[in-house]
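For reference, the structure discussed in these notes is given below.
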Protein chains: 2
Amino acid sequence: MAVTIRDVARQAEVSVATVSRALSAPDLVRPATRDRVLAVAAELGYQPNRAARSLITGRTGNIGIVVPDLENPFFTGVLKGLQARARQADYAVFVSDSDEDPTAEAMLVRAMAKQVDGIVLAAPALDDDQLYAIAEDTSLVLLNRRLRGISAALMNSAAGMRQVLEHLVALGHRRCGYLHGPRTSWSNRERRRGLRAAATQHGVELVELGPFPPRYEGGLQAADLAVAADVTAIIAYNDIMALGVLARLRDRGIPVPEAVSVTGFDDLVFASLCSPPLTTVAMPLGQAGRLAVDLLLEHIASDRTEISQVDLETQLIVRGTTSTPATN
Amino acid sequence: MAVTIRDVARQAEVSVATVSRALSAPDLVRPATRDRVLAVAAELGYQPNRAARSLITGRTGNIGIVVPDLENPFFTGVLKGLQARARQADYAVFVSDSDEDPTAEAMLVRAMAKQVDGIVLAAPALDDDQLYAIAEDTSLVLLNRRLRGISAALMNSAAGMRQVLEHLVALGHRRCGYLHGPRTSWSNRERRRGLRAAATQHGVELVELGPFPPRYEGGLQAADLAVAADVTAIIAYNDIMALGVLARLRDRGIPVPEAVSVTGFDDLVFASLCSPPLTTVAMPLGQAGRLAVDLLLEHIASDRTEISQVDLETQLIVRGTTSTPATN
DNA sequence: ATGAAAGCGCTAACAA
DNA sequence: TTGTTAGCGCTTTCAT
């Protein structure tokens, strides 16, 4: 069996209570005693049993994150930042993948809720009511979704799309096509919102196509529609779709960016590696993960009373798929 | 406070022991009683407190995984399979990212060890002794690393490399270059081993270049060396390097596969999306994740006595970057 | 400043 | 088949 608080107490010739205090409330114990206890603890390699501690304190020292797809680099970017920050704060991280299934999302959160102090949730498709219900009995931070009364780490994709559109306007584009992602996704609505506002403001005609599955195949399909719609620039919901668009245009012998400009969104690794390299918008993924932890811990520490929603800025990355429109 | 076993017991008019049994050893209680208890439990929404249970059973119902880099699609592929399987077995999953730092790896495993029943570890660079020390006091399954006496989920990359070489031989290549990944990595050694064996057997000259950082930039750098070495085929340690090679060759106006063939390893998403699409080797990532869980649970269930090492087959995927060598 | 003791929610002997 | 009871390892009153 592992070394317990009793072993330390005996060896240090104090009571278990003193050992407990020496570790979790050092100022309540005389320095000399404390040092002795700490020395013994270190010597024996004592590690408090978290289950026992949690049983009495009601807190676990764990947080959880549930995402729609662990193979999506977007979420793993967030996860990476999140777990790094959690570790700094001495929290361990549970992870769960819902496979894009809203029902599973709700279940996973409930299952996780019992063993964590709070949950970071990326659930683009779960409905508001469910989310509120969950927030009732768990500390919750939403990722990239804004809901009144629930903390959230947000990436300002509307502003990112505004940058995209203004970039295209500056190049001279007047008729652009937006390739929708899933209609129900908060991100898709945000991106479209930013785009529409900017388009109206700059007098640009915005042709909306889709929705398409936010995948490579979706881009393949969307490309033909966009070409038929006679736009000079194609604004894809995300990088993967943009990649599909690029492939399809190449197959059809339509040169990018000479004949048509293309933009993505997310700045995944291969956005800079494809040819021509993709103009896109970078999301502060790791930062969002760290922020989510901070918001969560703040919420927990404040007895679930404090709510904050923080917007992180996105950044347009101009590469090789955008240029002035063809003059035919 | 949440509903406890006592609430259920009272409402169902039985003792807490009966409730406990009804849930964790149903056959020890009379069907009628069991049904009543279960009904009450469901009605009250009772969920056993895992901390309390774990305190007495000594088991946590959690497993952990630590990987070098959560942004590497290789590991997230494994993670996805692993967490799906773990959930089926009613285990929750802790995740930790060591940022490619072997020291951190060892620490993270130790920190995690207290709260899990076992750990799946991807540690290409940690040394054998450390691994053995860890296996002493934790149930351990190694990912893609074979060590006598420790369970492992292996992907047979040596065989994958053999397939690559035989594919090239069939095309007529007689002088191939291997672009090394990190020298210390078990995977790199395995891939090289498979390659060398096959090369010897088929009388192919194998020029070894590197080591290079297993990244895009590594490929950029390696490409020039490979060209100077006058090989007709370039076998990269992994897809990302291969992508760098492709980019560099394109910049230099060297056509692939006409002037030189290129192969990758891993079959990441963009391997099929780049142009020309990359000939590479597919790894059974999700399968490896699921296998790792199975091995771990088996090891735990057998009182840490059972050890298995299972090799999963890899699969050559022939695409557009390989063809017959240039005849100059 | 320290110790004694109660008890967190649960499981596992042991009794009945 | 069911109930009684003794802890699992820890924190936290309440005394001293």
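To find a chain, count down the sequence lines: A is the first, B the second, and so on, and within it residues start at 1. Fair warning: this is a prediction, and the values are worked out from it, not measured in the lab.
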Just checking, any donor-acceptor pair under 3.5 angstrom between side chains of B:Ser151 and B:His299? no
With no hydrogens and no angle check, just 3.5 Å: does a side-chain donor-acceptor pair link A:Thr60 and A:Asp117? yes
Using a 4.0 Å heavy-atom cut-off, write out nucleotides 11-16 of chain D from 5' to 3' as B (base contacted by protein), S (sugar-phosphate only) or - (no contact). BBB---
Between [X] ([atom1]) and [N] ([atom2]), how many Å, whole number?
X: A:Arg6; N: C:dA4; atom1: CZ; atom2: P; answer: 12 Å
X: A:Arg50; N: C:dG9; atom1: CZ; atom2: P; answer: 20 Å
X: A:Asp27; N: C:dT2; atom1: CG; atom2: P; answer: 13 Å
X: B:Asp35; N: D:dT1; atom1: CG; atom2: C1'; answer: 15 Å
X: B:Leu55; N: C:dT11; atom1: CG; atom2: P; answer: 11 Å
X: B:Arg10; N: D:dG3; atom1: CZ; atom2: C1'; answer: 16 Å
X: A:Asn49; N: C:dC8; atom1: CG; atom2: C1'; answer: 13 Å
X: A:Glu13; N: C:dA1; atom1: CD; atom2: C1'; answer: 17 Å

Out of B:Asn72, B:Thr76, B:Asp97, B:Val95, which residue meets the side-chain contact (heavy atoms from CB on, under 4.5 Å) rule with A:Lys80? B:Asp97
My understanding is that only one of A:Ile63, A:Ile119, A:Ile65 makes a side-chain contact (heavy atoms from CB on, under 4.5 Å) with A:Met112; could you say which? A:Ile119
A:Asp128 and A:Arg145 ion-paired at < 4.0 Å: yes
Classify the nucleic acid contact of A:Thr33 as base, sugar-phosphate or nothing, counting any heavy atom under 4.0 Å across all strands shown. sugar-phosphate
So, do B:Pro68 and B:Pro124 sit near enough that their side-chain heavy atoms are less than 4.5 Å apart? yes
